[in-house]
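Residue numbers begin at 1 in each chain, while the letters A, B, ... track the order of the sequences. Quick note: numbers below take in every heavy atom, side chains included, and nothing from hydrogens, waters or symmetry partners. No experiment lies behind these values; they were computed from the predicted model shown.
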Amino acid sequence: MLDKRYDPHAVEEGKYENWKNKGYFTAGDKSKQAFSMVIPPPNVTGKLHLGHAWDTTIQDIIIRYKKMQGFDALWLPGMDHAGIATQAKVMQRLVKNGVDVTKLTREEFLDHAWSWKNEYANNIHEQWAKMGLCLDYTRERFTLDEGLNYAVRHVFVDLYKKGLIYQGERIISWDPVQQTALSNIEVIHQDDEGYMYYFRYPIVNSEEYLIVATTRPETMFGDTCVCVNPKDKRYKKYHGQKVINPANGEIIPIIADEYVDVEFGTGAMKCTPAHDPNDFIIGKKYGLEMPIIFNKDATMNEKCGEFVGLDRFVCREKLLEKIKSEGNFIKQEKIIHSVGHSERNNCVVEPMLSKQWFVKMKPLAEAAIANQKTEKKVNFVPARFENTFLQWMNNIEDWCISRQLWWGHRIPAYYHKQTGEVVVSMDPPKDIENYEQDRDVLDTWFSSGLWPFSTLGWPNETADLKRYFPTSCLVTGYDIIFFWVSRMIFQSLNANGEAPFKDVVIHGLVRDELGRKMSKSLGNGVDPIEVIDKYGADALRYFLTTNSTPGQDMRYIDDKVNASSNYLNKIWNSARYVLSVLPEGFKEEELPKELSPLDQWIINRLEKTIKSVTTNMDKYDFNAASGHLYNFVYDDFCSQYLEMSKVSLSSNDELVRNNTYQVLFKCLKSIILLIYPYTPFIAEELYLNLPVHKESVMLESYPKYEANRVHLNVDKQVELLFDIIRDVRNYKIENKLAPNAKLDLSINLRIKMFEGYEAYLQRFTFSEFKVVDDSIVNMRGELKIYDNADLLIVNEAGQGEIIARIDKEIAEEENEILRCQKMLSNPNFISKAPKEKVALEEEKLKQHTENLALLKDKRNKLL
RNA sequence: GGACACUUAGUUCAGCGGGAGAACGCUUCCUUCACACGGAAGAGGUCACAGGUUCGAUCCCUGUAGUGUCCACCA
């Protein structure tokens, strides 16, 4: 016997370990059709947050649903080494523990990093278990493990041989804290307050000067020219002349180039080729020198005279003082401008000329774009995210993939110590003693981009790769479409000639109750484990997956998790009721053909529910799917059928009772199976309490819609019953009568009601019914008119009161009639609207007209 | 500058070419034998604004305003 109250902790206890030990999570049944999905590997940098909980619950629902539908469904787990983020955290911890990190060797550091990884992997495993995720741990991978490293080297060499990876000196974004290059998308541009400084650049051998504006005066040490637009009349006379750089006194040329915007600033632009991407282009065009003026930590280097060794921002202030003292300072204006910050540590990144490895993106992007025009395209859900992807692909720049870190896949390039020759190969050259391997590692996203196939054993043609690749589906947030989704797509197209997955399901972000992004600085983050401790994993899972529209952000609202928990309690208690009434030795049977209308009605509702739930599950619309089930549970099953069954079960007819048992069981079992992918723990608990069950709900099949189980022509009879009961209850409330007050009721049926319906009416109205013929309007009392019946509540109320109520109903009917007439009297409506719609309106008009006549008749008789 | 969302009940959000929905909150009544973490009944909305398409627009199109996000640029 179930407890009176659903207790999530008692329910969830031990179930996960049991499932895992029984091997239910392990894929590999070759007799079934394959379905596969890889988890977006979480970073081994910390705890999982609500966003992870959301993302993984969606996937868990999909996998459990597919397993139940008879697929060999693989959900492959794993984690990401997260290069910069992890290295930064490990370093922080080492510093905190008093380790002198400057003396650390690469190998020593990596030892620390691996032990960090193992700690955090444990945390993540525990969280996955609490969430109840159906992950196949026998196939778990890590982005830095040996097999994946093999895949990474293979891809690197392949792209290099195809000319799609090259080494080049270009302007990259430099993170001076981590002291590594970053790719464009690892730089977050945010609006910061700053100043625009205006300086005088004196013209050589002249009293005149140019006014040049800059936001970064410290870069003036790297200026190699000043540019003006050749069409700019103000500066025509200076073409070919030279100016003095007020920072260091160097003489630099004035160059006329179309690139300069006449309207912007003063129309004269300082050009620093080594520290600005646009200036770099000009520098190349005119063969200018490209002096680098920063050290790796963004302090000033030896090119900066007396400022050498100063931090860039300190240098800025000191340099200003100097220029001011020399009279070359004009003014400064406060401005808001966009400044690049490192995604990982928020420091201001410095554009810097540097030799790095790049992926040539054009050909790869073109292939990805072309693939979207074929049948083998990636199906984005919702579809609009395909635009996001294509737009990025269409405007893509080359991808800087080298990182000056230790924690990552080391670049398989070897430099000959004498000749400097570069060898790129899977394995080190045979005479390795003559070579030195590139010290850099690859961008984390390089290995993540291979995840859907590297995890299955690629490039070896393993059984798993053949069976599970391409994967069926990928679930992730819109925030990493660029970082990850697009890279997986072009990497896979290059490596495999096909996309890595068929569907990409994109969700939004979890925000706080006020709609703000959850962040450490605001301290508004919610720990999923705390929510689980309060409400249980099932309630959290249900909340997360049923309170948002696909692709849209959601808010975490504690009350809604509570509401989810209440819903589960409702299911729990309805199960408790069903289990308590089922007789000893109950056996599940095929539903008999001869069911009562009530039974037929609820089966109709159930079938309809199964159909709409399945349709929406297949569209990954879990909010809609669960909504249909919710309505069935509350409105159809609990409020109506379950209450009605109390009458059925008191019947003397054994057949009626037995059928009711079967129908109750059928409904309950279906509810358990339909809710199961969302809330596996409570579903398992209830399932195992059924008198007939398998070893686990995980071995069950998903309910299937069957049109031939739908019964025609019963819904009207049953719904009439419900309408009458509701109106009688209403009447009592309006008249301040006790809910169980006995009324004198007369009913005139225009359809044949099913046998025994009176018992149900009596039970829920606490009143006897007198069945009469159509003379009902002659009787004293209040008349309710339905499509298929009239109900008279016989009472002693004053005539005025009754007439007032009838007038209200007359007004309502007249309104409806007007609405119908308005439509039907429109010739355009008759000729252009669909025939069914016209017929429907005509039918309604007829019905309302009849009702109106009855009401008027009744009113006249009362006068 | 470009793109994409969003604007519907007090709040959070669904929805839809043909009579406006849910949850929470609110009001009234009810401890009757699944559940008071409950039940029964109810109040509450010119569906942002303006045009257009249509027999008919909350829904489709265009524009406006506001909100949010992303991309690009910024000497």
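A gap of 31 Å separates the C1' atoms of rU53(B) and rU69(B), to the nearest Å. rG45(B) sits 14 Å from rU7(B) when the C1' atoms are compared, rounded to a whole Å. Rounded to a whole angstrom, the distance from the C1' atom of rG15(B) to that of rA57(B) is 15 Å. rA9(B) sits 15 Å from rC59(B) when the P atoms are compared, rounded to a whole Å. rG68(B) and rA48(B) are spaced 16 Å apart, taking the C1' atom of each and rounding to whole Å. On the P atoms, rC47(B) is 28 Å away from rA41(B), given to the nearest whole Å. Separation of the P atoms belonging to rG52(B) and rU11(B) is 32 Å when rounded to the nearest angstrom. A distance of about 34 Å separates the C1' atoms of rA3(B) and rG56(B), rounded to the whole Å.
For Phe329(A) and Tyr198(A), the ring centers are positioned 6.0 Å apart or more. Ring-centre distance between Phe389(A) and Phe385(A): not below the 6.0 Å cut-off.
Across all strands shown, the partner of rA5(B) is rU67(B), judged by Watson-Crick or G-U wobble contacts whose two distances both fall under 3.5 Å. Pairing for rA23(B) is with rU11(B), a Watson-Crick or G-U wobble pair whose two hydrogen-bonding atom distances lie under 3.5 Å. Nucleotide rG18(B): paired with rC55(B) (Watson-Crick or G-U wobble, both distances less than 3.5 Å). The partner of rC47(B) is absent, by the rule that a Watson-Crick or G-U pair needs both atom distances under 3.5 Å. Figure legend. rU31(B) is base-paired to no nucleotide; pairs are counted as Watson-Crick or G-U wobble with both atom distances under 3.5 Å.
A distance of 12.5 Å separates CD in Gln332(A) from CD1 in Ile330(A), rounded to the nearest 0.5 Å.
Residues Thr549(A) and Ile733(A) each lie close to RNA chain B; by heavy-atom proximity, the contact nearer the 5' end of the strand is made by Thr549(A).
Contact between the side-chain N/O atoms of Thr388(A) and the OP1/OP2 oxygens of rC70(B) is not found at any separation under 4.0 Å. For the OP1/OP2 pair of rA72(B) and a distance below 4.0 Å, the side-chain nitrogens and oxygens of Asn395(A) include no atom meeting the criterion. At the phosphate of rU28(B), neither OP1 nor OP2 sits under 4.0 Å from any side-chain N or O atom of Lys736(A). When the side-chain nitrogen and oxygen atoms of Asn740(A) are compared with OP1 and OP2 of rC30(B), none of them lie within a distance under 4.0 Å. Residue Arg726(A) places no side-chain N or O under 4.0 Å from the OP1 or OP2 atom of rA40(B).
Rounded to whole Å, atom C1' of rG68(B) lies 15 Å from atom CG of Asp479(A).
At a cut-off of 3.5 angstrom, counting only N and O atoms as typed in the model, there is a donor on one side and an acceptor on the other between the side-chain of Lys570(A) and the base of rC35(B). Contact of Lys560(A) with rU12(B) (side chain to base): a donor-acceptor pair of N or O atoms is detected under 3.5 Å.
If you run ring-ring contact (aromatic ring centres under 6.0 Å, His included) between Tyr542(A) and each of Trp54(A), Tyr535(A), Tyr567(A), only Tyr567(A) comes through.
Among rC55(B), rC35(B), rA14(B), the nucleotide with an atom closest to any side-chain atom of Asn573(A) is rC35(B). Distance from the side chain of Asp559(A) is smallest to rC24(B) among rA14(B), rC35(B), rC24(B). Among rC4(B), rU69(B), rC73(B), the nucleotide with an atom closest to any side-chain atom of Ser338(A) is rC73(B). In this structure, the nucleotide among rG18(B), rA23(B), rA40(B) sitting nearest to the side chain of Tyr630(A) is rA23(B). For Asn569(A), the side-chain atoms get nearest to rC35(B) when compared with the rest of rC29(B), rA34(B), rC35(B). For Arg384(A), whose side chain is taken as the heavy atoms from C-beta onward, the closest listed nucleotide among rC4(B), rG38(B), rA14(B) is rC4(B). Side-chain atoms of Lys4(A) lie closest to rA36(B) of the nucleotides rA36(B), rA34(B), rG2(B). The listed nucleotides are rC35(B), rG39(B), rU69(B); the one nearest the side chain of Tyr634(A) is rG39(B). The nucleotide whose nearest atom lies closest to any side-chain atom of Ala563(A) is, among rC73(B), rA23(B), rA34(B), rA23(B). Residue Lys646(A) has its side chain nearest to rA34(B) when only rC30(B), rA34(B), rG42(B) are considered.
With Phe766(A) as the aromatic partner, Lys742(A) does not meet the cation-pi criteria of under 6.0 angstrom to the ring centre and within 45 degrees of the ring axis.
Considering every non-hydrogen atom in both Asn328(A) and Pro246(A), the closest pair reads ND2-CB, 3.8 Å.
Counting heavy atoms from C-beta on, the side chains of Glu350(A) and Arg216(A) come closer than 4.5 Å.
Using a 4.0 Å heavy-atom criterion, one finds that Glu643(A) contacts the bases of the nucleic acid, with or without backbone contacts as well.
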